[in-house]
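In this text, all values refer to a predicted model and were calculated from it rather than measured experimentally. Both backbone and side-chain heavy atoms feed into the values below; hydrogens, waters and symmetry mates do not. Each chain gets a letter, A, B and so on, in the order its sequence line appears, and its residues count up from 1.
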2 protein chains.
Amino acid sequence: MASPFEHPVEHPLKLDPATVKFPRDRDWSGKPRAEQTRLGLMKAAAAEIYEKGYNAAALSDILQRAGATKGALYHHFADKKALALAAMDHFIRLDLWEIWLEPFRASDDPVLTLRNLIIFLNTTGVIDKGLKHGCPVVNLTEEMGVQDEDFRTLIDEVNTEWRKVLVASLKRGQAAGNVRPDIDCDGTAMLILAIRHGVISYKKTSSDPDVMAKLAGAVFEFLESLRPGERAATNVH
Amino acid sequence: MASPFEHPVEHPLKLDPATVKFPRDRDWSGKPRAEQTRLGLMKAAAAEIYEKGYNAAALSDILQRAGATKGALYHHFADKKALALAAMDHFIRLDLWEIWLEPFRASDDPVLTLRNLIIFLNTTGVIDKGLKHGCPVVNLTEEMGVQDEDFRTLIDEVNTEWRKVLVASLKRGQAAGNVRPDIDCDGTAMLILAIRHGVISYKKTSSDPDVMAKLAGAVFEFLESLRPGERAATNVH
DNA sequence: TGCAATACAGACCGAACGGTCTGTTGTCAA
DNA sequence: TTGACAACAGACCGTTCGGTCTGTATTGCA
């Protein structure tokens, strides 16, 4: 089977592989010392939580990674949970949305945008290298979504805004004739997020080296089914 | 919007709502004492791990739930991980597969079977009441899929067998004219599992009361796109 | 019945964790 | 220069957890 990633399309993603910051490697050297400490703690916390999960991420490891101490931590944050909430909120909005929301904000062809985004993430190696521990939002959903109301609220807000952007893009797509007019945009947007979630999770445990190619093929089939009219010749090459 | 659950079809699920054991409430009173202890420990472990996750499930809570002691636990199992692996393997194969695999083993119309299974799970209240903590396999995937190789292997084996049953059913569906002949059964089966995974996770954190109805509508749309018909695909690579 | 071997019971232990508290350093305005 | 407060530094504490170990009850077989 040919790779579904083989035929990328010139895309309007407004994402430059050279400048996209992934993972979180921003520079704060210009900021005041206290804020550097605070941001460093959040950065280390986000990384540790991403790699190990909230409960397994020990404060000692976070502090070592940040080059800080208990005194600094509890000066800036009330407790571990406050640090985690601040860190996740900050980096989800900074890193994840830059990649996963911006391309859709002005798109009237979400099927093409999503397809190209997937190809972009694959060709830039994000899927292979950067997805070893899954997606931060997905991980947080699974670990803390039920156990803690504050984390649940954060995730719910993120998903809601995410869904709204997709719904708006789907509706523009319907108006532009790029998306079937009879689909439920709200449910379809939810399903797209759910598929993203499920695919990332499936990849985490699968030992099949072709798992992403097979899944991408099926996902692209699904995306094409959202286009209006006959399915003939809608799969741009 | 009409509920997508409104029009159930007479289904060949071979699942009787009255006899399906969900959650795990089997009776082992006939078994020898030692085996009752062992099964009781596994049952309690599965429940605690399902509700709190592996790391957060304390041995003290498992023991209290099982009415057993440390001595009994470490007589039957090497450590916490061995208990967890045995418990998850046992109950995934016992409870989950009875519901999620058996209906597909003889079906040549997986689209209908899956649709009816979703409706069945909804009308019997499993989705509303029994899904508060998500799905055991999904939870285990997220928490332990990357952290521990033994858990990863267990999940991978479960998903592989699961996928094989779906693939066989899809192929029978193609032979019987119920499924589009051009789809990649392997990728589609993976995607179905990924969608199941993603939908369950999405529901866990969403505060939208209609989330399942909206998602089910979109899922049913996707399933119908797998049927042959005028929307024949030309998405060939 | 007696004797192993199995099947527990539960006190105990060391490690790790989140959080506290006291002391020290840096910063900036008066 | 100095006082006041922010910004740390790090020893310390109580709790919890997984795991061990010794002792006791139950069971199956000779």
Side-chain angles (χ1 to χ4, degrees), chain A residues 28-88 90 140 143-144 147-151, chain B residues 28-88 90 140 143-144 147-151:
Chain A
W28 299 306
S29 54
K31 308 246 180 184
R33 173 188 142 116
E35 195 172 345
Q36 280 189 43
T37 303
R38 187 184 149 88
L39 286 168
L41 283 167
M42 288 165 61
K43 178 173 167 175
E48 287 288 324
I49 290 171
Y50 172 59
E51 291 173 13
K52 304 175 184 173
Y54 172 76
N55 286 301
L59 288 184
S60 57
D61 292 335
I62 294 176
L63 292 173
Q64 191 175 4
R65 192 163 191 153
T69 62
K70 282 271 174 78
L73 201 170
Y74 282 91
H75 174 74
H76 287 286
F77 300 94
D79 51 20
K80 185 189 179 185
K81 183 175 153 184
L83 168 65
L85 283 171
M88 297 312 290
H90 188 72
L140 205 62
E143 185 179 6
M144 304 305 293
Q147 308 295 337
D148 187 283
E149 177 62 18
D150 292 321
F151 280 101
Chain B
W28 299 307
S29 54
K31 308 244 180 186
R33 174 188 143 114
E35 196 173 345
Q36 280 190 42
T37 303
R38 187 184 148 88
L39 287 168
L41 283 166
M42 288 166 60
K43 178 173 166 175
E48 287 287 324
I49 290 171
Y50 173 59
E51 291 172 13
K52 304 175 184 172
Y54 173 75
N55 286 302
L59 287 185
S60 57
D61 292 336
I62 294 175
L63 292 172
Q64 190 175 4
R65 192 163 190 153
T69 62
K70 282 270 173 79
L73 201 170
Y74 282 91
H75 173 74
H76 286 286
F77 300 95
D79 51 20
K80 184 189 180 184
K81 183 175 152 184
L83 167 65
L85 283 171
M88 297 313 290
H90 188 72
L140 205 62
E143 185 180 6
M144 305 304 295
Q147 307 296 336
D148 187 282
E149 177 62 17
D150 293 320
F151 280 102

Check nucleotides 9-16 of chain C against the protein and report each pair of N or O atoms closer than 3.5 Å, with its distance, or say if there are none.
from    : atom 1 : to     : atom 2 : distance (Å)
dA9(C)  : OP2    : T69(B) : OG1    : 3.1
dG10(C) : O6     : G71(B) : N      : 3.3

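Sorted by residue number, the list of members of residues 59-66 of chain B with any non-hydrogen atom under 4.0 Å from DNA chain C is empty.
In this entry the distance linking CZ of F77(A) with P of dG18(C) reads 15 Å, nearest Å. The separation between L83(B) atom CG and dC8(C) atom P is 14 Å, rounded to whole Å. In this structure, the CD atom of E35(A) is 21 Å from the P atom of dG26(C), given to the nearest Å. Q36(B) places its CD atom 14 Å from the C1' atom of dC8(C), with the value rounded to the nearest Å. What separates CG of L73(B) from C1' of dC17(D) is a distance of 13 Å, to the nearest Å. Separating the NZ atom of K81(A) from the P atom of dG19(C) is a distance of 11 Å, rounded to the nearest angstrom. The separation between K52(A) atom NZ and dG18(C) atom P is 11 Å, rounded to whole Å. Atom CZ in R38(A) sits about 16 Å away from atom P in dA6(D), given to the nearest Å.
Of all nucleotides listed (dG18(C), dC8(C), dG18(D)), dG18(C) comes nearest to the side chain of Y74(A). Distance from the side chain of T37(A) is smallest to dC8(D) among dG18(D), dT6(C), dC8(D).
In this structure, H76(A) does not reach the dA6(D) phosphate: none of its side-chain N or O atoms is under 4.0 Å from OP1 or OP2. Taking only side-chain nitrogens and oxygens, H75(B) comes nearer than 4.0 Å to OP1 or OP2 of dA7(C).
Using a 4.0 Å heavy-atom cutoff across all strands shown, A56(B) reaches no nucleic acid atom at all.
Here the side chain of Q147(B) pairs a donor or acceptor atom with the backbone of E51(A) at under 3.5 angstrom. Formation of a donor-acceptor pair under 3.5 Å by the K80(A) side chain with backbone atoms of A57(A) is found in this model.
Partners of D79(A) according to the salt bridge (charged side-chain N to carboxylate O under 4.0 Å, His left out) rule, which considers only residues two or more places apart in sequence or in another chain, do not exist here. For Y54(A), the ring-ring contact (aromatic ring centres under 6.0 Å, His included) criterion is met by F151(A), not counting sequence neighbours. Q64(B) meets the side chain to side chain contact (heavy atoms under 4.5 Å, CB included) test with D61(B); sequence neighbours excluded. By the side chain to side chain contact (heavy atoms under 4.5 Å, CB included) test, A68(B) is found to be paired with L41(B), L63(B), A66(B), A72(B), residues two or more places apart in sequence or in another chain being considered.
Listed here is the closest heavy atom pair of E143(A) and N55(A): OE2-N, 3.0 Å. Residues A78(B) and A82(B) share a closest heavy-atom pair of N-CB, 4.1 Å.
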Apply side-chain contact (heavy atoms from CB on, under 4.5 Å) to residues F77(A) and L85(A) and explain how you reach the verdict.
CA-CA 10 Å; F77(A) 300 94; L85(A) 283 171; over 6 Å; no

